[in-house]
Amino acid sequence: MNDNYDVRLVAYPHIREMLDGVPRRLWDVFLPESIGGLNELEANIIMMKRREKTREQIMAIQKLTGMPLRPNEPLEAVIAKARIKGRIHNAQLRRYKRGDADSDT
C-alpha cells in the first residue's frame, strides 16, 4: 500500500482506532497490502469486538471454577464443564451475580 494512509483509512474507523498509539513507521507491519485486505481487517475487528463480552464472561466462569483459561470455548460448553466439575451450583451462581458471593465465608 502507498504512504497515502490518511486518505485510504478514512472509511475504516476501527482500523484507525487499532492504530492509535502505534508509531506511523510500524503501520506497514499491521496493515495488509491491498484495499481488499483493509475491508477484511475491518470486518475482523468488528467481529472480535462483538465477541469480547462473551469472552469476558467465559473467562470469569473459568476463573471462578479454577478451570484453565480458554476464552475461545463456547459459553455453553464452559457452563456445562463447570457444572459437571461440581465446583459451581445454581445457588452459588445466583449469589455471584448478586455480588454477595463472599458473604458466606
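In what follows, residues are counted from 1 in the order of the sequence shown.
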inquiry  = Restricting to side-chain contact (heavy atoms from CB on, under 4.5 Å), what partner residues turn up for P71, sequence neighbours left out?
reply    = R55, M59
ask   = Looking only at heavy atoms, what is the nearest atom pair of G37 and P32, with distance?
value = C-CG, 3.3 Å
request  = Look up atom CE in M48 and atom CZ in R51, then write down how far apart they are to the nearest 0.5 Å.
outcome  = 6.0 Å
message = Any side-chain to backbone donor/acceptor pair from Q57 onto L75? Under 3.5 Å, distance only.
response = no
ask   = Does L9 reach the side chain of L19, with side-chain heavy atoms less than 4.5 Å apart?
value = yes
message = Test of understanding: with side-chain contact (heavy atoms from CB on, under 4.5 Å), list the residues that count as partners of P68, not counting sequence neighbours.
response = R70
query = Just wondering, do Y12 and I45 contact through their side chains at under 4.5 Å, heavy atoms?
reply = no
request  = State, yes or no, whether a side-chain contact exists between N72 and I58 at a heavy-atom distance under 4.5 Å.
outcome  = no
key: Q62 side chain reached by K81 side chain, heavy atoms, under 4.5 Å   = no
note = So CG of N44 and CG of N39: to nearest 0.5 Å the spacing works out to 11.0 Å
inquiry  = Could you measure the distance from the CD1 atom of I15 to the CG atom of L38? Nearest 0.5 Å is fine.
reply    = 5.0 Å
inquiry  = With a 4.5 Å cut-off on side-chain heavy atoms, are L41 and H14 touching?
reply    = no
ask   = If you measure from CD1 on I61 to CG on L69, what distance do you get to the nearest 0.5 Å?
value = 12.0 Å
